[in-house]
2 protein chains.
Amino acid sequence: MSQPQPIGDNGRDAIIAAAADCFMEAGYDSTSIDAVADRLNATKGRVYHYYRSKAELFYDVYRRGMVINLSTIQPIVERDLEPREKLETMSKAHVRNMLDHLNFQRVVMQGVEMHLAGATTPAQRQQLASLMKERERYEGLFRQVLVEGRQHGVFRFDNASFASKAVLAILNNPVLWYRRRQDAAHDGHEEIVEEFTRYAMNCVAATQT
Amino acid sequence: MSQPQPIGDNGRDAIIAAAADCFMEAGYDSTSIDAVADRLNATKGRVYHYYRSKAELFYDVYRRGMVINLSTIQPIVERDLEPREKLETMSKAHVRNMLDHLNFQRVVMQGVEMHLAGATTPAQRQQLASLMKERERYEGLFRQVLVEGRQHGVFRFDNASFASKAVLAILNNPVLWYRRRQDAAHDGHEEIVEEFTRYAMNCVAATQT
DNA sequence: TTGACAACATACTCGGTAGTATGTTCACAA
DNA sequence: TTGTGAACATACTACCGAGTATGTTGTCAA
C-alpha cells in the first residue's frame with residue numbers, strides 16, 4: 001500500500017539509501033534483507049517495521065529514483081525556452097542525475113528488467129505497472145519537447161515515441177558502465193555529460209550544428 | 001569449464017533454447033532448473049547431465065547470443081564498403097537480430113546486469129569477465145567502422161568509445177520494450193529497423209542526409 | 001551376450017532467506 | 001507512575017530451489 005511517503009521521514013530514508021546501495025551492488029534477488037540491515041548496523045526488525053515485504057522496499061527505492069529525475073526535469077520543462085535549448089538542458093541534467101545517483105538509477109534499470117521478466121504475484125505486477133507509468137510520464141516530458149521542436153523545424157523524426165526512446169537510450173547509457181571515481185574533484189562527469197548530450201541532440205536534429 | 005561447444009550438439013541445443021526462453025520470461029534468479037526441464041518435458045537430470053551448474057548454463061546461453069550477433073556482423077565488416085554504408089548495413093542487421101532473437105538478446109542484457117552486480121564466486125566473476133570481452137570485441141567492430149568513417153570525414157565525434165556505446169545503445173533499445181507479434185507477416189520489424197538505424201546514423205553523422 | 005557407457009529419471013539433502021512471533025527499551029502522555 | 005505505543009532486536013519457522021546420489025534404460029562394441 002505504501003503511503004504517499006511523508007517528506008522528511010528519516011526512518012525510511014536511511015533504509016531506502018542502504019537498500020539502493022545493496023540493490024546496486026548485488027541486484028534485487030541476491031540482496032537479502034539482512035544485508036540491508038547490516039549496512040545500517042541494524043537487524044531485520046528495523047526494515048520490517050517500515051516495510052511489509054522486500055518488494056515494497058524495492059518499489060520505494062525505485063520511486064525515490066523517479067522522484068529525483070522528475071523533480072530535476074519538470075522545472076526545466078516549465079521554463080520558457082526554445083525547444084533545442086530546452087532539450088539540451090534537460091539532457092544534460094538527466095545525464096548528471098545518472099552519474100550522481102548511480103545507485104538509484106541502477107535500481108530503476110532493474111525495475112524495467114523486472115517488469116519485462118514479469119513479477120510473480122498479481123499484486124507485484126500491479127505495483128510495477130504503476131511504477132512504469134511514472135517512467136512513461138517521464139519519457140513523455142522528452143517526447144513533448146521533441147514534438148514541439150519538430151513543429152518548429154529544429155528536430156526531425158517519424159515516430160515521436162521511438163525518437164524519445166532513442167534519445168533516452170543514449171542518455172541512460174552511462175549507467176551501464178560508469179563507475180564512481182575516488183577523486184571527486186576531476187571525476188570526468190562533464191566530459192560524459194557534454195558528449196552524450198551531443199549524441200542525443202544529433203540523433204533527432206534537423207540541421208547540423 | 002564448458003568445452004568449445006561442438007557444433008550440432010543437439011543435446012545441449014534444446015536445453016539452451018529452453019533456458020533462453022525461461023531466462024527471458026522470468027530472469028536468471030527466478031528461473032529454476034526445474035522450470036527449464038519442464039519446458040523440455042524432462043527433469044533436472046537431463047540438464048545436470050550437460051551442465052554442472054545453473055551459472056554454466058546461463059553462460060552458454062549468453063555465448064550463443066554473442067555467436068549469433070558476431071556471425072551476423074563479422075561478414076559485413078569484411079565486405080568492401082564505404083564507412084557510411086557499412087555502418088548502416090551493420091546497424092540494420094543488428095536491430096534485426098534484436099527482434100528475431102529476443103530471448104537470447106535479453107539474456108545478453110541480463111549478463112551485463114550480472115556483471116555490474118558482481119557475481120558471487122571468483123569462478124563466476126572470471127567466466128563473466130571473459131564473456132564481457134566478447135561483448136567488447138563486438139563493440140570494437142562498430143568502433144572500428146566509426147573511426148574509419150571519421151577519417152573519411154563522414155562521421156564526427158570526439159571519443160570513439162563513447163560514440164560506439166551511444167550507437168549501440170540506440171540499436172539495442174528495442175530489446176527493452178519489443179514484444180513478439182502473433183502475426184508473423186506484418187510484425188512491424190522493418191519500421192523499427194529503419195527508424196532506429198537512422199537515429200544511430202544521425203547520432204554520429206558529420207553531414208545531414 | 002555382456003558389459004560399459006551415454007542419456008536420462010527419481011529421490012533425496014541442505015543451506016539460505018523471506019517472513020513472523022515475540023521480546024525489550026524508551027519516550028511521552030495522562 | 002503508569003501504561004501505551006513506536007522503534008527497534010532476537011529467535012524462530014517454513015519453504016524453495018540448487019546440487020547430489022543413485023537408479024533405470026537403451027545402444028553399441030568386442
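In what follows, chains carry the letters A, B, and so on, assigned in the order in which the sequence lines appear, proteins first and then strands, with residues in each chain numbered from 1.
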Fill in: side-chain N/O B:Ser32 vs D:dG17 OP1/OP2, d < 4.0 Å
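Looking at the OP1 and OP2 atoms of D:dG17, neither is under 4.0 Å from any side-chain N or O of B:Ser32.
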Provide, to the nearest angstrom, the distance between the [atom1] atom belonging to [X] and the [atom2] atom belonging to [N].
| X | N | atom1 | atom2 | result |
| --- | --- | --- | --- | --- |
| A:Arg52 | C:dG19 | CZ | C1' | 12 Å |
| A:Asp34 | C:dG19 | CG | C1' | 11 Å |
| A:Lys44 | D:dT13 | NZ | C1' | 11 Å |
| B:Tyr51 | D:dA18 | OH | P | 16 Å |
| B:Arg46 | C:dA11 | CZ | C1' | 20 Å |
| B:Asp29 | C:dA18 | CG | P | 11 Å |
| B:Lys54 | C:dG15 | NZ | P | 19 Å |
| A:Arg12 | D:dA6 | CZ | P | 13 Å |

Worksheet item: For A:Asp100 and A:His189, what are the C-alpha separation, side-chain angles and deciding distance, and is it a side-chain contact (heavy atoms from CB on, under 4.5 Å)?
Response: CA-CA 9 Å; A:Asp100 290 341; A:His189 280 200; 3.3 Å; yes
Item to complete: Quick one: label B:Ser30 by what it contacts on the DNA or RNA (base, sugar-phosphate, nothing), any heavy atom closer than 4.0 Å.
Response: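 Counting heavy atoms under 4.0 Å across all strands, no contact is made by B:Ser30.
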Item to complete: Please figure out whether B:Ile33 or A:Gly45 has its closest DNA chain D nucleotide nearer the 5' end.
Response: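 Nearest-nucleotide comparison on DNA chain D picks A:Gly45.
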I want to verify a distance call: between [options], whose nearest atom is closest to the [X] side chain?
| X | options | value |
| --- | --- | --- |
| A:His49 | C:dC8, D:dA9, D:dC8 | D:dC8 |
| B:Ser53 | D:dG19, D:dA6, C:dA18 | D:dG19 |
| A:Tyr50 | C:dT20, C:dA9, D:dA7 | D:dA7 |

Worksheet entry | B:Asp13/B:Arg64 ion pair, N-O < 4.0 Å |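 Here B:Asp13 pairs with B:Arg64 in a salt bridge, since their nearest N and O are under 4.0 Å apart.
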Fill in: Spacing of A:Asp60 atom CG and A:Ile16 atom CD1 [to the nearest 0.5 Å]
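Reported value, rounded in 0.5 Å steps: 4.0 Å.
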Discussion item. When you compare the side chains of B:Gln105 and B:Asn69, does any donor N or O come within less than 3.5 Å of an acceptor on the partner?
Written reply: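 Yes, a side-chain donor-acceptor pair sits under 3.5 Å.
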Discussion item. With ring pair (Phe, Tyr, Trp, His ring centres under 6.0 Å) as the criterion, how do B:Phe196 and A:Phe162 come out once you've worked through the C-alpha distance, each side chain's angles and the decisive distance to 0.1 Å?
Written reply: CA-CA 8 Å; B:Phe196 279 83; A:Phe162 289 177; 5.3 Å; yes
